[in-house]
Amino acid sequence: MITTFRKLILIASVLAFVGCDKDFEQINTNPYGINDIDPALIFAGAQRTQLSGWETEHTIVQQFVNPFNSGATLGPNFNEDIDNFNNGKWDALYPGSLKNMAQALAMLENSNRVNLRSMIRIWRAQAFMGLVDQYGDVPYSESGQAYLKTIFYPKYDDDAAIYADLEKELKESIAALNPAGDYVPEDLFFGKNSRTPSGTATVQTEKWKKVGNSLLLRLGMRYSKLNPTKAAALATEALNGGVMTSNADNVWVTYDGTLYTNPSNGGLVNNNPRFYYAAEPFVNQLKSTNDPRGKFLVATYQNPNNPLADQAPNTNIADQFGVPVGVISTALEAAPYRGQRNGGLNYSQMNVRVVASQTAPTFWITYSQTALLLAEAAHRGWIPGGDAAAKTYYDNAIKADMDRYALYPGGAAVPEGDKQAYLSHPNVEYRAADALRLINTQYWITSITDGNEAWANFRRTGFPALEPNRANNNLNGGFIRRLSYPDYELSNNRENYQAAVQAIGGKDDLTTRVFWDTP
């Protein structure tokens, strides 16, 4: 994988250099200055798409918190609409992965590399799904076309219409995957140098069909409140088409700690770590069920501002305390709160040697997430098996998620006895009468490093049952439902930005809902 990464660095440098060329005539006649880059390498770079930010999505869904509210730290923990916290996915995808995937697809337009083209379309659908989930209406049909079609100011498309097209893109791409077609060794997920190498087009296309169908299931379940009939139909289609069936199907990459480090975790150890803590609702969930994953997720350190210096942090779950949501740091420093500890707060932080390590893997789509969605679909009667099948999906999802922690630095396999004890805990054991809460609380836990998905699923289901952040009344007593557009869109793409704001209801704020998020 390192060989591929080095190639990606070179290509990224070349594309960035040419992308800064201000000579319009040269750009118009020779879009990237070079036309012989293998689109498979462009795709490999695009596979490292933006997930989410600890201080944005994870904070909204109360897994993580920065309780300081001065200057650059003021954000979602205090229900504030701050550009710095709203732009992560937008800034990563539009000028980066989405632009590059548009270029790669253009290069493949008359190519017989049907599998590479299908993989790009599937991954592009995943990226746009995340953007719609965060913002609602976004540039879609005209995005990434500045150098290809000289569209410098893309219009925003309707979010429901984008979802409809993403459904089409997924179905067409899945159908087009050909086991007798091209093998893509550059694929970071299932290519030659990946952590789960496929080796042949037959195995690789089977893996990607599972990825595509698992995304189709995820997309379909977004309609559960808006259009249950459609949700049921898409869940059935995805299941019949073949979704992920084990951790061997997970979509993930690793980091070597030198050329590449986990982009989400650097700040937790390099940028005043004393600012960053686990949130009380998340820690309480782990404690109340004696969750064996807890020791990999949260810890307390002798020096909160230098957690890596602590060679033996306290990971005993009974000793962990999360920061209350919406409470300012100065209040936390005194009674009735837990006060200070060596320059920081006397509360739990994320475990920077395991889940928050700079070499922790990034998981984009997992079997455990997929199985939990199937559990909900089975419980609702949308796929066969009823609650018996739902329990099997649910139990398997939890066990698979526990198994994932053996892949983390400092992690380990959870013993089978601990798994069974957890599954039989009265606050965890599957019960049909409480199925939606149980399933979607587990989805919240398994998505601990995928805040975008945890937040989207919380908005869709209302679980876990979190209390609104009471820092102020900026959200009218509710939760953040979407992120506002980047401030620079008002100046850079004013006409289309203004049209989009009107289309979503006239307010570019944190309480406007995306199309599938019905009250």
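Position 1 is the first residue of the sequence; numbering continues from there.
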| Is there a ring-ring contact (aromatic ring centres under 6.0 Å, His included) between Tyr135 and Trp90 once you walk through the steps? | CA-CA 9 Å; Tyr135 300 100; Trp90 188 290; 5.1 Å; yes

| request: Could you go through the side chain to side chain contact (heavy atoms under 4.5 Å, CB included) check for Arg338 and Leu345 one step at a time? | output: CA-CA 8 Å; Arg338 293 182 55 79; Leu345 298 174; over 6 Å; no

| Run the side chain to side chain contact (heavy atoms under 4.5 Å, CB included) check on Met244 and Val211 step by step: do they pass? | CA-CA 7 Å; Met244 293 176 170; Val211 173; 4.3 Å; yes

| field | Derivation and outcome, salt bridge (charged side-chain N to carboxylate O under 4.0 Å, His left out), residues Lys391 and Asp395 | value | CA-CA 6 Å; Lys391 181 182 187 306; Asp395 289 355; 2.6 Å; yes

| request: Kindly indicate, with the supporting measurements, whether the criterion side chain to side chain contact (heavy atoms under 4.5 Å, CB included) is fulfilled by Trp123 and Gln47. | output: CA-CA 7 Å; Trp123 202 239; Gln47 285 180 284; 4.2 Å; yes

| Is there a side chain to side chain contact (heavy atoms under 4.5 Å, CB included) between Val414 and Asp403 once you walk through the steps? | CA-CA 6 Å; Val414 174; Asp403 288 341; 5.7 Å; no

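Side-chain atoms of Met221 and Leu234, non-hydrogen and from C-beta on, never get closer than 4.5 Å to each other. Within the 4.5 Å cutoff, side-chain heavy atoms of Phe515 are placed close to those of Tyr163. Put simply, the side chain of Arg513 reaches to within 4.5 Å of the side chain of Pro519, judged on heavy atoms. Side chains of Asn265 and Val352 form no contact here, defined as non-hydrogen atoms less than 4.5 Å apart. Looking at Val253 and Pro361, their side chains never come closer than 4.5 Å, going by heavy atoms from C-beta outward. Using a 4.5 Å heavy-atom threshold, the side chains of Asn457 and Arg218 count as separate.
Although no hydrogens or angles enter the test, the distance criterion places a donor-acceptor pair under 3.5 Å between the side chain of Asp450 and the main chain of Glu453. A donor-acceptor distance shorter than 3.5 angstrom exists from the side chain of Ser424 to the backbone of Ala421, with no hydrogens or angles considered. In terms of modelled atom types and a separation under 3.5 Å, the side chain of Asn77 and the main chain of Asn66 share a donor-acceptor contact. Listed for the Asp310 side chain is a donor-acceptor partner under 3.5 Å among the backbone atoms of Gln302. For Ser97 (side chain) and Leu93 (main-chain N/O), no donor-acceptor pair under 3.5 Å exists by modelled atom type. Between the side chain of Ser173 and the backbone N or O of Leu170 there is no donor-acceptor pair closer than 3.5 Å. In this structure, the side chain of Asn262 does not engage the main chain of Gly266 through any donor-acceptor pair within 3.5 Å. The main-chain N or O of Ala248 is found under 3.5 Å from a side-chain atom of Lys207 such that the two form a donor-acceptor pair. Using a distance-only test at 3.5 Å, with no hydrogens or angles considered, a donor-acceptor pair links the side chain of Arg431 to the main chain of Glu429. Under a 3.5 Å cut-off, the side chain of Asp256 and the backbone N or O of Tyr260 do form a donor-acceptor pair.
Atom CG of Leu438 and atom CD of Glu376 lie 12.0 Å apart (nearest 0.5 Å). Residue Lys210 holds its NZ atom at 11.0 Å from OG1 of Thr370, rounded to the nearest 0.5 Å. Rounding to the nearest 0.5 angstrom, the gap separating the CD atom in Gln369 from the OH atom in Tyr443 is 4.5 Å. Atom CG of Leu372 and atom CD1 of Ile398 lie 7.0 Å apart (nearest 0.5 Å). In this structure, Ile162 CD1 and Phe128 CZ are separated by 7.0 Å, a value rounded to the nearest 0.5 Å. Within the model, atoms NZ of Lys209 and CD of Gln204 stand 12.5 Å from one another, a figure rounded to the nearest 0.5 Å.
For the residue pair Arg481/Thr512, the side-chain donor-acceptor check at 3.5 Å is not satisfied. Side-chain polar atoms of Asn79 and Asn472 form a donor-acceptor pair below 3.5 angstrom. There is no side-chain donor-acceptor pair under 3.5 Å between Asn346 and Gln340. Side chains of Asn86 and Ser484: a donor on one and an acceptor on the other come within 3.5 Å. With no hydrogens or angles considered, no side-chain donor-acceptor pair links Asn250 and Thr366 at under 3.5 Å. Side chains of Thr362 and Tyr255: a donor-acceptor N/O pair is present below 3.5 angstrom, by distance only. Under the 3.5 Å distance criterion, with hydrogens and angles disregarded, no donor-acceptor pair is assigned to the side chains of Thr73 and Asn69.
With sequence neighbours excluded, the residues satisfying ring pair (Phe, Tyr, Trp, His ring centres under 6.0 Å) with Phe275 are Phe68.
Each of Ile317, Val355, Val354 was compared with Leu297 under the side chain to side chain contact (heavy atoms under 4.5 Å, CB included) criterion, and only Val355 meets it.
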Result block: side-chain N/O donor-acceptor pairs under 3.5 angstrom for residues 318-329, not counting sequence neighbours:
unit_1 : atom_1 : unit_2 : atom_2 : d
Asp319 : OD2    : Asn314 : ND2    : 3.1
Asp319 : OD2    : Asn316 : ND2    : 3.2
Gln320 : OE1    : Ser348 : OG     : 2.7
Gln320 : NE2    : Asn314 : O      : 3.0
Gln320 : NE2    : Asn316 : O      : 3.0

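The pair Lys230-Glu167 counts as a salt bridge, with a side-chain nitrogen and a carboxylate oxygen less than 4.0 angstrom apart. Using a cut-off of 4.0 Å between Lys/Arg side-chain N and Asp/Glu carboxylate O, Lys419 and Glu416 are scored as salt-bridged. For the pair Arg222 and Asp133, the salt-bridge criterion is met [side-chain N within less than 4.0 Å of a carboxylate O]. Under the 4.0 Å criterion applied to side-chain N and carboxylate O atoms, Glu57 and Lys89 are not assigned as salt-bridge partners.
For the salt bridge (Lys or Arg N to Asp or Glu O under 4.0 Å) condition, the pairs that include at least one residue of residues 121-132, sequence neighbours left out, are Arg121-Glu169, Arg121-Glu172. The stretch residues 284-293 participates, sequence neighbours left out, in these salt bridge (Lys or Arg N to Asp or Glu O under 4.0 Å) pairs: Asp291-Arg293, Arg293-Asp401. Screening residues 281-314 for ring-ring contact (aromatic ring centres under 6.0 Å, His included) gives Phe282-Trp444, Phe296-Tyr405 as the qualifying pairs, with residues at least two apart or on separate chains. Among pairs with a residue in residues 409-440, those fulfilling ring-ring contact (aromatic ring centres under 6.0 Å, His included) read Tyr394-Tyr430, at least two apart in sequence or across chains.
Within 6.0 Å of the NZ atom in Lys225, the count of heavy atoms belonging to other residues, nucleotides or ligands exceeds 12. The number of heavy-atom neighbours closer than 6.0 Å to CD of Gln420, taken from other residues, nucleotides and ligands shown, is above 12. Atom NZ of Lys295 sits in a crowded spot, with more than 12 heavy atoms from other residues, nucleotides or ligands closer than 6.0 Å.
In this structure, Phe458 has its ring center under 6.0 Å from that of Phe479.
Ring geometry for Trp252 against Phe363 counts as parallel: the plane angle stays under 30°, on a 0 to 90° scale with 60° as the upper cut.
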